[in-house]
Number of protein chains: 2
Amino acid sequence: MNQRLPVQGAQGDLLRLVATGKAESRADLARLSGLAASSVSLRVEELLDAGLLAEEGSGTSRGGRRPRLLRLSETAGVLAVADLGAHHVRLGLLDLSGAPLVIEERPCEIADGPRATLDRIADAFDALLAEHVPAPVPLRGIGTGIPGPVDPLTLRVVTPSRMPGWNDFPVAEHLATRYDLPILVENDANLMAAGETRCWPDRRNLMVVKAGTGIGCGVVVNGRLHRGRGAAGDISHVRVRSDSSVICACGHPDCLEAYASGAALMAALSEAGIPVTRTGDIVGLVNDAIPEATSLVRNAGRRIGEVLTVLVNFFNPDVVAVGGSLSAAEPLITSIRAAVWERCLPLATRDLEVAPARAGRDAALLGAGALLLEAALT
Amino acid sequence: MNQRLPVQGAQGDLLRLVATGKAESRADLARLSGLAASSVSLRVEELLDAGLLAEEGSGTSRGGRRPRLLRLSETAGVLAVADLGAHHVRLGLLDLSGAPLVIEERPCEIADGPRATLDRIADAFDALLAEHVPAPVPLRGIGTGIPGPVDPLTLRVVTPSRMPGWNDFPVAEHLATRYDLPILVENDANLMAAGETRCWPDRRNLMVVKAGTGIGCGVVVNGRLHRGRGAAGDISHVRVRSDSSVICACGHPDCLEAYASGAALMAALSEAGIPVTRTGDIVGLVNDAIPEATSLVRNAGRRIGEVLTVLVNFFNPDVVAVGGSLSAAEPLITSIRAAVWERCLPLATRDLEVAPARAGRDAALLGAGALLLEAALT
DNA sequence: CTCACTTCCTTCGATATCGAAGATAAGCCG
DNA sequence: CGGCTTATCTTCGATATCGAAGGAAGTGAG
């Protein structure tokens, strides 16, 4: 069953606070929402009656009466989210708070084109719903992550590399023919940033770097995802300083990704007689103290760090989180940190954290859940 | 007479829309504010009664009845703003819409220290008020621009260069001993960005570069000034690619400002036997087609542009506005453009405007007025 | 010239929210 | 153990805002 969230005005604001885990009682809601306690009481009553919230037990006293705890109702609804890669898709169902109900990975070739790929994803959603969700629990929204830029105004994919047929394809419209629900279409690095943000409470400005086969970055400003024109955060084609000159796949010389991406490291290792089939294997080599691997990863971290220094000076983020399959290599993080600390202004790095990403491999799906909840409540 | 603006809730929202020139009638206010026409009518009546708004004539019909035009009342109040330089201060009085009533420049040595400098500015404010403002018109706020980083949480100056005695000085607290009013303390590049934003309607993401004796940049994200930790937008110490190596005043090699700042250009011209005393004179030399000057300015533009390409890819702004005393040199702008267009992603530069700043020499004061109005209405 | 439609602004009853007061149940101190 | 303070949540009258309807004054077509 598909059904949009039946809330309006202050109800949505309150539901959001409970769904995101920020509030657990009426008193919490009054403190966080700015509404008077009487207004909160009335609106919560409506959400309880609508089956969106439920009461469950009592909280701890803060010196007065114990609060009655509120939680998202199990019948509040689910969100269907997918994160598309070149050769596979990771997809699943989340409850409105973003907690996974089921997540799975399936083979899927993005080169098959958008219609076939999106229909296969929708079929998978329907199968998961039938298998895992009781009939009275409604589907409230659909979210998809795309490995290319997405124009935030038109929600169309924009000149993606290695994705034939996807340019200018209206992903949201296509999915809307099948679901009359809020639909999210977003770049995967942006989803990853949205997911990572949930792991850094009280931080409003983050950069989430994806160090994988490619290099990407998502940006969160004042707690909100910054999309720009759909290409915001792109650092892969920044020109780095180099004694030699390497032509990037994009045609320009000396792009960051020509030196520091997982693909570039794999090529360099193959040339050194160390064949690697997946970027994740590079981490294993580093852990085994293979000198060539460690040196390459360290060099990649230094280069990424040099690019990040420009951005950290400019943006003054609270956090630089590094994810992606290379991020488990500790020399990558330490050399990024060294480069950032060496060249950044002291004020720009005051209280800055450069750390491995916390959200794990499903950051993009969790990010999709968070953004979709927001879309559903607006 | 000092008096805070006596508005609350929706009154402030409506006053802001009239003061910023976005609305001129009740119908405009209803469209822009989201309030019902009946609510707008009631609140406007209160603002008229409070002497903050006035009615004046009729507007043009849009097919139905002509609207009654609203404007800021002359008795609504004034704002006192100042922009501090190393050797002078530019200060004046603005009305609540930001229109200058009087602006003047006075000699002032920042090296005299904060107390003496700020007291002198306050004395100047008081003199301007006595001379130019009728007694019933209240002062509603004080704004000051500082040529160094300002911590947005503490409103203290942070490790400014060449400003002895100013580090960690609580500028706002000092001024508050004299004025019980909203007080703004902000970095001058940020004020310039706030002022420039008003000249680019419907643009929400801007970078405002100041190419003067030094190099600075202000950043506006989603229509709001981005301060970061107080150092956001700083591009002067980004390391640029170079065949040689020049040590910057900060101690690091190859900072942007060691190559591309007005001070650096002046030094290079002196070495070429062309003595220059003010960065503004470089523009004259370029206009006279002195080859050394044009070459230096073009090279500076290219370097600034190279740094900007990283930031444009990352941030995807709508506008890059270039101000400061060097910005009148056309080769500077054209070589910035060339560098940006050459290396940026097509999506990042789609609809981007790289242009001379429009706000003129008082951008910082106008920016102070805009931010101060916001402070007064919050 | 008249009539129908549009736009602006006001009036009024309905609805949402505020703020004060009160009920209930905690914790803490003497 | 009792009294006082604190915290949570509810009740109720006051206030802000909404939404519908209406009055006034425009415009344009027939």
Side-chain angles (χ1 to χ4, degrees), chain A residues 5-19 21-73 377-378, chain B residues 5-19 21-73 377-378:
Chain A
L5 272 169
V7 296
Q8 48 193 335
Q11 290 175 341
D13 299 333
L14 301 180
L15 187 62
R16 175 189 295 115
L17 287 165
V18 176
K22 295 192 177 90
E24 290 189 302
S25 68
R26 290 167 178 80
D28 283 348
L29 287 170
R31 275 189 288 277
L32 292 167
S33 69
L35 290 175
S38 49
S39 304
V40 168
S41 201
L42 291 171
R43 301 286 90 82
V44 164
E45 196 68 27
E46 289 163 354
L47 291 169
L48 292 167
D49 288 344
L52 296 171
L53 287 183
E55 280 187 352
E56 182 179 68
S58 299
T60 42
S61 169
R62 297 195 327 154
R65 188 171 179 171
R66 280 195 185 90
R68 273 175 281 153
L69 292 183
L70 299 166
R71 62 170 171 77
L72 213 52
S73 168
L377 290 173
T378 305
Chain B
L5 273 168
V7 296
Q8 46 191 337
Q11 290 176 344
D13 298 332
L14 301 179
L15 187 62
R16 175 190 295 115
L17 286 166
V18 177
K22 295 193 176 91
E24 291 189 304
S25 67
R26 291 166 177 80
D28 282 348
L29 288 170
R31 276 189 287 278
L32 292 168
S33 69
L35 290 174
S38 48
S39 304
V40 167
S41 201
L42 291 172
R43 300 287 90 84
V44 164
E45 196 69 28
E46 291 163 354
L47 291 169
L48 292 167
D49 289 343
L52 295 171
L53 286 182
E55 280 188 349
E56 182 178 69
S58 300
T60 43
S61 167
R62 294 195 331 152
R65 187 174 181 172
R66 280 198 185 88
R68 273 176 278 153
L69 292 184
L70 299 167
R71 62 169 171 78
L72 213 54
S73 169
L377 290 174
T378 302

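Letters A, B, ... mirror the listed sequences (proteins, then strands); counts begin at 1.
Interatomic distance, A:Leu52 CG to A:Gln11 CD, rounded to the nearest 0.5 Å: 8.5 Å.
Between the P atom of C:dC18 and the CD atom of B:Gln8 lies a distance of 13 Å, rounded to the nearest Å. For A:Glu24 and D:dA7, the CD to P distance is 18 Å, given to the nearest whole Å. Remark: P of D:dT8 and CG of A:Leu70 are 12 Å apart, rounded to the nearest angstrom. Put simply, CZ on B:Arg68 is 13 Å from C1' on C:dT7, counting in whole angstrom units. Computed from coordinates, the B:Asp13 CG to D:dA16 P distance equals 14 Å when rounded to whole Å. Rounded to whole Å, the distance from CG on B:Leu42 to C1' on C:dC9 is 11 Å. Taking atom CZ of A:Arg62 as the reference point, atom P of C:dA25 lies 20 Å away to the nearest angstrom. To the nearest angstrom, C1' of C:dT17 lies 17 Å from CZ of A:Arg26.
Taking B:Arg16 as the reference, B:Asp13, B:Glu374 meet the side chain to side chain donor-acceptor pair (under 3.5 Å) condition, with sequence neighbours excluded. By the salt bridge (charged side-chain N to carboxylate O under 4.0 Å, His left out) test, A:Arg31 pairs with A:Asp28, sequence neighbours left out. Annotation: side chain to side chain donor-acceptor pair (under 3.5 Å) contacts of A:Arg66 (sequence neighbours excluded): none.
Of the candidates A:Val18, A:Leu29, A:Leu17, A:Leu69, A:Leu69 is the only one forming a side-chain contact (heavy atoms from CB on, under 4.5 Å) with A:Glu24.
Looking at every heavy atom in both residues, A:Leu32 comes nearest to A:Lys22 through CD1-O, 3.3 Å. Between B:Leu70 and B:Glu55, the shortest heavy-atom contact is CD2-CG, 3.7 Å. Here the shortest heavy-atom pairing between B:Ala37 and B:Ala30 reads CA-CB, 4.2 Å.
Set against C:dC8, D:dT8, C:dT17, the side chain of B:Arg31 has C:dC8 as its closest nucleotide.
Using a 4.0 Å heavy-atom cutoff across all strands shown, B:Leu35 reaches sugar-phosphate atoms only and no base atom. Here B:Gly59 lies out of heavy-atom contact (under 4.0 Å) with every strand. Within the 4.0 angstrom heavy-atom criterion, only backbone atoms of the sugar-phosphate kind lie near A:Ala10; the bases stay farther away.
Using modelled atom types, one side-chain atom of B:Ser73 and one backbone atom of B:Gly51 make a donor-acceptor pair closer than 3.5 Å. Between the side chain of B:Glu45 and the main chain of B:Leu42, no donor-acceptor pair closer than 3.5 Å is present. A:Ser39 places no side-chain N or O within 3.5 Å of a backbone atom of A:Leu35 that could act as its donor or acceptor partner.
Both key distances under 3.5 Å define a Watson-Crick or G-U pair, and stretches of 3 or more such consecutive pairs in DNA chain D run C:1-30 with D:1-30.
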Between the protein and nucleotides 13-15 of chain D, list the N/O to N/O atom pairs that are separated by less than 3.5 angstrom.
none

ask   = When you look at B:Leu15 and B:Leu72, which way does the side-chain contact (heavy atoms from CB on, under 4.5 Å) test go after all the steps?
value = CA-CA 8 Å; B:Leu15 187 62; B:Leu72 213 54; 3.9 Å; yes
request  = Could you encode protein contacts along nucleotides 19-30 of chain D as a string, one character per nucleotide from 5' to 3', using B for base contact, S for sugar-phosphate-only contact and - for no contact, with a heavy-atom cut-off of under 4.0 Å?
outcome  = B---BBBBS---
